[in-house]
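Reading through the structure tokens given below for one structure.
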Amino acid sequence: MTEPIRSIAVLGTGTMGRGIAQLAVQRGLEARLYDVSSTQLERAVADVTAQLGKLVAKGKLTEAEQSACLGRLSSSIDLGRACRDADVVVEAAPESMDLKVKLFTEVRELAPGHALLGSNTSSLSITELGQRCAVPERTIGLHFFNPPPVMPLLEIVRGLGTSEASVERALGLAQQLGKEPIVVRDFPGFATSRLGVVLGAEAMRMLEAGVASAQDIDRAMELGYRHPMGPLKLTDLVGLDVRLAILEHLHSELGEQFRPPAILR
Ligand code: CAA
């Protein structure tokens with residue numbers, strides 16, 4: 001049995017950072033958001049508040065539960081303050097290895113010595129990240145899916161240096177957050193992005209070739225294969241910049257089938 005996680009620091013307040021913080025407070029954890037811009041932090045807190053408000057309007061959350069959730073949410077532009085009590089630090093920064101290494105190298109000095117350093121990267125190497133920030137045993141992939149409060153999967157990525165104890169703690173976190181975990185080896189694109197981006201990229205190539213309209217390519221997969229949304233709509237949900245960064249990385253690591261389509265560039 002591992003100790004329950006009480007608090008989580010979320011670094012980066014884009015779609016994923018906001019969603020992970022929302023999920024955490026809804027599941028009873030303290031969540032502290034960090035970003036370099038206070039305007040961005042204010043927007044993120046307002047967005048989480050609005051998302052919780054929608055759940056109240058739908059009768060899925062009471063007003064008392066909403067204010068309890070908001071009581072567990074805080075934000076800071078000071079990385080030390082954001083991380084100092086964290087049992088888990090999750091970075092949801094842009095897909096740049098150098099940026100993630102820089103963040104975790106600072107976090108290593110600021111967070112408690114037991115804190116798990118989780119990366120929400122979609123494809124970058126957890127082994128490299130762990131080695132370059134010099135805490136490989138506590139560095140792990142914690143890959144959430146958009147929208148994080150809704151999607152059931154947590155993909156846990158074990159780097160070469162990730163300790164068994166860290167994997168156990170990540171599995172405990174998944175349980176606390178109500179997610180179904182899978183544990184995968186550190187390989188470019190893991191078990192999800194590698195398959196997911198292929199569909200999106202092929203749909204774009206089909207659009208370029210004039211096979212059908214964007215709407216009909218999406219409808220084909222929604223109605224014919226029961227995907228909840230078509231591959232082009234899904235690319236918009238994830239973000240074109242995010243998908244391009246994943247494809248560029250997989251193209252360099254795994255080869256030609258991942259070359260980003262011209263229309264995406
Ligand atoms: N917080 C809490 N609940 C939320 C929410 C949020 N931010 N956003 C949506 N929901 C809930 C809604 O309340 C609703 O709940 P009920 O059914 O209980 O009422 C439910 O989610 C569905 O929402 P909607 O009715 O608004 O819309 P929908 O039925 O069209 O579903 C969707 C929206 C969940 C996004 C669905 O279309 C879907 O599953 N799409 C595929 C998403 C996907 O594949 N995500 C993974 C992308 S890849 C990735 O993220 C990883 C990466 O590395 C890039």
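The figures that follow rest on heavy atoms only: side chains count, while hydrogens, waters and symmetry mates do not. Read the numbers this way: they start at 1 and go in the same order the structure lists the ligands and their atoms.
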- Message: Using the side-chain contact (heavy atoms from CB on, under 4.5 Å) criterion, which residues pair with Q175? Sequence neighbours excluded.
- Response: none
- Query: Is a side-chain N or O of R32 found less than 3.5 angstrom from the main chain of S76, in a donor-acceptor match?
  - Reply: no
Please tabulate, for the side chains in residues 226-239, all donor-acceptor contacts under 3.5 angstrom to protein atoms that are two or more places apart in sequence or on a different chain.
{"unit_1": "K233", "atom_1": "NZ", "unit_2": "E222", "atom_2": "OE2", "d": "2.9"}
{"unit_1": "T235", "atom_1": "OG1", "unit_2": "P231", "atom_2": "O", "d": "2.7"}
{"unit_1": "T235", "atom_1": "OG1", "unit_2": "R243", "atom_2": "NH1", "d": "3.4"}

- Is any side-chain N of the basic residue among R169 and E3 closer than 4.0 Å to the acidic one's carboxylate O? no
- For R43, salt bridge (Lys or Arg N to Asp or Glu O under 4.0 Å) partners two or more places apart: none
- Item | Any side-chain donor near an acceptor of the partner, S7 and D85, under 3.5 Å | no
Under 3.5 Å: N or O atoms of ligand 1 paired with protein N or O:
{"unit_1": "ligand 1", "atom_1": "1 (N)", "unit_2": "Q22", "atom_2": "NE2", "d": "2.9"}
{"unit_1": "ligand 1", "atom_1": "7 (N)", "unit_2": "Q51", "atom_2": "OE1", "d": "3.3"}
{"unit_1": "ligand 1", "atom_1": "13 (O)", "unit_2": "K58", "atom_2": "NZ", "d": "2.8"}
{"unit_1": "ligand 1", "atom_1": "18 (O)", "unit_2": "K60", "atom_2": "NZ", "d": "2.1"}
{"unit_1": "ligand 1", "atom_1": "19 (O)", "unit_2": "K58", "atom_2": "NZ", "d": "3.3"}
{"unit_1": "ligand 1", "atom_1": "19 (O)", "unit_2": "K60", "atom_2": "NZ", "d": "2.8"}
{"unit_1": "ligand 1", "atom_1": "45 (N)", "unit_2": "N146", "atom_2": "O", "d": "2.8"}
{"unit_1": "ligand 1", "atom_1": "50 (O)", "unit_2": "N146", "atom_2": "N", "d": "2.8"}
{"unit_1": "ligand 1", "atom_1": "53 (O)", "unit_2": "S122", "atom_2": "OG", "d": "2.6"}
{"unit_1": "ligand 1", "atom_1": "53 (O)", "unit_2": "H143", "atom_2": "NE2", "d": "2.6"}

